[in-house]
There are 2 protein chains.
Amino acid sequence: MPETTTPTTRESKHQATALRVERNAVRLVLQHGFDNVTVDMICEASEISQRTFFNYFKTKDAAVIGAEPPHVDEAQARQFISSDSDLLAELLTLMTTMAANLNFDEKLLTDRIMVFGQNPELMHRQMERMGRITTEVTELVYLRLKRAAGATSGPTGSPVNEPDLRDQAELLTHAIMGVLRFVAMRWIPTPDMPPVPGASTSDGVSATDADPAPSREQSLEHALSLLRRTLRTP
Amino acid sequence: MPETTTPTTRESKHQATALRVERNAVRLVLQHGFDNVTVDMICEASEISQRTFFNYFKTKDAAVIGAEPPHVDEAQARQFISSDSDLLAELLTLMTTMAANLNFDEKLLTDRIMVFGQNPELMHRQMERMGRITTEVTELVYLRLKRAAGATSGPTGSPVNEPDLRDQAELLTHAIMGVLRFVAMRWIPTPDMPPVPGASTSDGVSATDADPAPSREQSLEHALSLLRRTLRTP
DNA sequence: ATCGTAAAGTGCAGTAACTGCAAAACGCGG
DNA sequence: CCGCGTTTTGCAGTTACTGCACTTTACGAT
């Protein structure tokens, strides 16, 4: 190998390795199924030792669904708080954006979605990871509710029950998490594709360059309209 | 032990053993924490071999959160479909009832709730197990929605979009799962807040014989009123 | 360019969850 | 009491994951 060791800084090298491992993990799982892929296989493909793998990722799952925890964008959060239009819609887009942001690589994102289709338990882990920032999101919702309540009632009088507003925010957040689940399910291509290992079909490279982005946005729009209609007639 | 061989039939013995293991598992986890309890410890306490343990329970988690999957009561389902009052409320009570039904033992139920308080990941597993019957519940909601739609529009004309109704039902189910999460969280005595005011001993052993049942119902009522208020003013 | 140091990578040994297999123990009907 | 099917068990093996000690590497200071 004529190339000397890459002159990259430590951090970028770390990131590169992490990305490489994640890609290999997702690829292998798509090929053979989650249970048939060992950590050692991922390590060999990624040219790192098993011990290093567990330095990068806390669990095998983490490498497949992604290591970085989701986080809320500052600007987006501020805008969300001070907005006054459809709360549910904005909350939902806020969270879907979060999910998409930590999968900046489109190929990796679509592949992960496919993995989720074949391994429902991983989907649940992902949603659980999302749930970890429930408190953050709840805080945002609370701030917005509080602001809105203060704006309508005026500075003078009607006592807005603070704890109730907190509860309301938390309830809303949990409910929207459920809706997010629903939307995420729509992103999965088709659950009736048997993940037969060594299948006769091509190795899955071709299917990814369809247009999934509009499909994702469409399904989100659909869910929103459905949600509005559902809530309008209880 | 000079005990004569238990005159129980095979099945009841099996059930008895399962219950005994579950109780020991929950007790040990409450005492030492989930990660500090090995399967072997549960086995020794329950006087079975490790291999038998895994014949009874698929995983270690299963013994702690309960083996039997939740299922919908026939009569209750029928009543739900043909009812016309508050859909969200009835759906929520339906699911909470399910959760409570598979914990017929009150002590075991409260202990499990405490375990969930100390081990959030187990709570998520439990909710995931709940999610497994999402399709069933969705079907119920769909049937109710369809019936209601048919009743209002009359047999003659307006075309009720079937797939849309299905989507609506699924969306609703997912959302209510989120609300269920919220309610379940309220059941947890959470951060060192004993269920009974005045008992400052807090050794964790005795606090269980308080009256948590009304508390559970109260929190459900609270959540419902919150939900109604939230949805009324979006 | 070289060197010292701290961080990153690695090997190894160990723990614990879980599985398959075959033998042993047991319950149940005859 | 006896055969027979089910349950339980021991045992060996796989795999995820961890702690520890050691080597390698990157990077700043000289």
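Quick note on labels: first sequence line is chain A, next is B, and so on, each numbered from 1. Computed from heavy atoms alone, side chains included, the values below leave out hydrogens, waters and symmetry copies.
- Within the 4.0 Å cut-off from OP1 or OP2 of D/dT8, at least one side-chain nitrogen or oxygen of B/Tyr56 is found.
- Comparing D/dA26, C/dC28, D/dT8 against the side chain of A/Lys13 picks out D/dA26 as the nearest.
- Taking atom CD of residue B/Gln50 and atom P of nucleotide D/dA12, one finds them 14 Å apart after rounding to whole Å.
- In this structure, A/Asp61 places its CG atom 13 Å from C1' of D/dT15, rounding to the nearest Å.
- The nearest whole Å value for the distance from the CZ atom in B/Phe53 to the C1' atom in C/dA16 is 12 Å.
- Geometric assessment of B/Lys60 against the ring of B/Phe54 yields a negative cation-pi assignment under the 6.0 Å and 45° thresholds.
- Each of B/Arg10 and B/Asp40 has a nearest nucleotide on DNA chain C; the 5'-most of these lies closest to B/Asp40.
- Of the possible polar contacts, none joining the B/Ser46 side chain to the B/Cys43 backbone as a donor-acceptor pair under 3.5 Å is found.
- With the nearest nucleotide of DNA chain D identified for both A/Glu11 and B/Ser49, B/Ser49 has the one nearer the 5' end.
- Across all strands, A/Thr52 comes closer than 4.0 Å to base atoms (heavy-atom distances).
- Distance from the side chain of B/Arg51 is smallest to D/dC11 among C/dT10, D/dC11, C/dA17.
- Side-chain contact check for A/Ile113 versus A/Pro189: some heavy-atom pair is nearer than 4.5 Å.
- The residues B/Glu128 and B/Arg132 are annotated as salt-bridged, a charged nitrogen and a carboxylate oxygen being separated by less than 4.0 angstrom.
- As rounded to whole Å, 13 Å separates atom C1' of C/dC18 from atom NZ of A/Lys60.
- Between the CD1 atom of A/Ile48 and the C1' atom of C/dA8 there is a distance of 12 Å, rounded to whole Å.
- Distance alone, capped at 3.5 Å, places no donor-acceptor pair between the B/Arg166 side chain and the B/Thr138 backbone.
- If you take CG of A/Asn55 and P of C/dA6, they are 19 Å apart, rounded to a whole angstrom.
- OP1 or OP2 of D/dC27 has at least one side-chain nitrogen or oxygen of A/Thr9 nearer than 4.0 Å.
- Atom CG in A/Asp35 sits about 12 Å away from atom C1' in C/dT19, given to the nearest Å.
- Rounded to whole angstrom, the span from the CE atom of B/Met41 across to the C1' atom of C/dA16 amounts to 13 Å.
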